[in-house]
Amino acid sequence: MTIYTIVYTSNTGFTKKYAELLGERTGLTVRPSGSRDVPKGSEVIYLGWVAASVVKGFDVASKSYTVKAVCGVCMGPTGSQLEEVRKKTKIPADVPLFTLQGGFDPNKLHGFYKFVMRPVLKKMKAKLESIENRTPEEELALEMVVSGKDLVDERNLSEVLDWYSGQ
Ligand SMILES: Cc1cc2nc3c(=O)[nH]c(=O)nc-3n(C[C@H](O)[C@H](O)[C@H](O)COP(=O)(O)O)c2cc1C
């Protein structure tokens, strides 16, 4: 199996959690993107949080490292938004992309991100509250928007681990 480094960018901690879980499962070293310990040009698995369908930090990471696979950590379900995220982040077609459901924590957002999310969350909350018989997924989404929720789950890494074991 090829030795890669796991490199991540996290804003509120969910991506860091996945990076560490992936590190535990693969035995690979885990470092924040830009760490001095990761030499330029290193082969990496890159994990970044998703903002408006863009994997944050991928552009910078792809200039510093040889990115072998990308995981976008988002509030949507694992495996969702793949086409949109690949297109908006400009991830080359030959680089595998996975999306992983992380969570959402409005209390950990600060500054710009808090500011931009305020109207989005208000809209999402109103829309979800207007649904009379909410499905369990809609109920969860409402809870996430209102008070935050950690949905990091090791099982969501199964596709990434399958890909890695084939390397
Ligand atoms: C400004 C902003 C934009 C976001 N855009 C998306 C999005 O397009 N799709 C999605 O599923 N989640 C989106 N999210 C949710 C984050 O991707 C999610 O909370 C993620 O788990 C954060 O990871 P982190 O804790 O490592 O920062 C957005 C969050 C913020 C603050």
Side-chain angles (χ1 to χ4, degrees), residues 1-117 120-121 144 148-167:
M1 216 171 281
T2 319
I3 304 297
Y4 300 138
T5 305
I6 297 168
V7 165
Y8 70 90
T9 303
S10 185
N11 183 38
T12 61
F14 299 111
T15 307
K16 183 171 189 248
K17 250 179 155 176
Y18 271 122
E20 284 166 355
L21 280 172
L22 190 60
E24 277 169 29
R25 294 295 303 271
T26 56
L28 298 175
T29 304
V30 182
R31 291 285 180 271
S33 189
S35 163
R36 283 187 193 186
D37 301 353
V38 188
K40 229 176 164 9
S42 300
E43 295 192 320
V44 307
I45 300 173
Y46 181 75
L47 283 81
W49 67 285
V50 173
S53 308
V54 173
V55 179
K56 297 295 280 186
F58 172 77
D59 49 351
V60 175
S62 62
K63 284 177 193 129
S64 302
Y65 313 117
T66 305
V67 179
K68 304 301 283 187
V70 180
C71 300
V73 177
C74 55
M75 68 199 274
T78 295
S80 68
Q81 308 164 74
L82 286 168
E83 214 174 298
E84 177 90 351
V85 168
R86 182 181 289 281
K87 201 170 153 199
K88 281 212 166 178
T89 315
K90 299 192 175 78
I91 299 169
D94 59 344
V95 176
L97 168 68
F98 308 91
T99 50
L100 306 171
Q101 187 166 43
F104 185 72
D105 190 342
N107 301 316
K108 281 193 187 159
L109 286 181
H110 302 287
F112 175 73
Y113 295 125
K114 190 172 183 165
F115 177 75
V116 294
M117 280 309 272
V120 178
L121 293 174
M144 185 138 74
K149 200 140 191 73
D150 180 348
L151 295 170
V152 173
D153 189 328
E154 201 176 318
R155 286 171 295 184
N156 290 331
L157 288 170
S158 63
E159 273 196 42
V160 186
L161 291 167
D162 283 351
W163 164 79
Y164 180 66
S165 63
Q167 293 302 292

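When reading the values below, keep in mind they use all heavy atoms of this one structure, side chains included, and skip hydrogens, waters and symmetry mates.
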Side chain to side chain donor-acceptor pair (under 3.5 Å) contacts touching residues 25-44 (sequence neighbours left out):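 Qualifying pairs, neighbours excluded: Arg25-Glu154, Arg31-Asp37.
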
Does the pair Leu109 and Phe104 meet the rule for a side chain to side chain contact (heavy atoms under 4.5 Å, CB included), with working shown? CA-CA 9 Å; Leu109 286 181; Phe104 185 72; 3.8 Å; yes

Rounded to the nearest 0.5 Å, how far does [atom2] of [Y] lie from [atom1] of [X]?
X      : Y      : atom1 : atom2 : value
Phe112 : Met117 : CZ    : CE    : 11.0 Å
Tyr4   : Ile45  : OH    : CD1   : 7.0 Å
Thr15  : Leu22  : OG1   : CG    : 12.0 Å
Lys17  : Asp150 : NZ    : CG    : 3.5 Å
Lys88  : Ser53  : NZ    : OG    : 5.0 Å

Are the side chains of [X] and [Y] in touch, meaning some heavy atoms are under 4.5 Å apart?
X      : Y      : answer
Phe14  : Lys108 : no
Glu159 : Thr78  : no
Ile6   : Leu47  : yes
Leu97  : Leu82  : yes
Pro32  : Tyr8   : yes

Taking the inter-plane angle between the rings of Tyr113 and Trp49 on a 0 to 90° scale, is it parallel (under 30°), tilted (30 to 60°) or perpendicular (over 60°)?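 Tyr113 and Trp49: perpendicular rings.
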
Quick one: closest heavy-atom pair of [X] and [Y], and the distance?
X      : Y      : value
Pro106 : Gly148 : CD-CA, 3.5 Å
Lys56  : Ala51  : CD-CB, 3.8 Å
Gln101 : Met75  : NE2-O, 2.9 Å
Lys68  : Pro96  : O-CD, 3.2 Å
Tyr18  : Asp153 : OH-N, 3.2 Å
Gly102 : Val73  : CA-CG1, 3.7 Å

Would you check if the side chain of [X] reaches a backbone N or O of [Y] as a donor-acceptor pair within less than 3.5 Å?
X     : Y     : result
Thr99 : Gly72 : no
Tyr65 : Gly34 : yes
Thr89 : Val55 : yes
Ser62 : Asp59 : yes

Worked check of side chain to side chain contact (heavy atoms under 4.5 Å, CB included) between Thr12 and Asn107: CA-CA 9 Å; Thr12 61; Asn107 301 316; over 6 Å; no

Are there over 12 heavy-atom neighbours, none belonging to Glu20, within less than 6.0 Å of that residue's CD?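 More than 12 within 6.0 Å, yes.
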
Mind running side chain to side chain contact (heavy atoms under 4.5 Å, CB included) on Val60 and Thr9 for me, showing each step along the way? CA-CA 11 Å; Val60 175; Thr9 303; over 6 Å; no

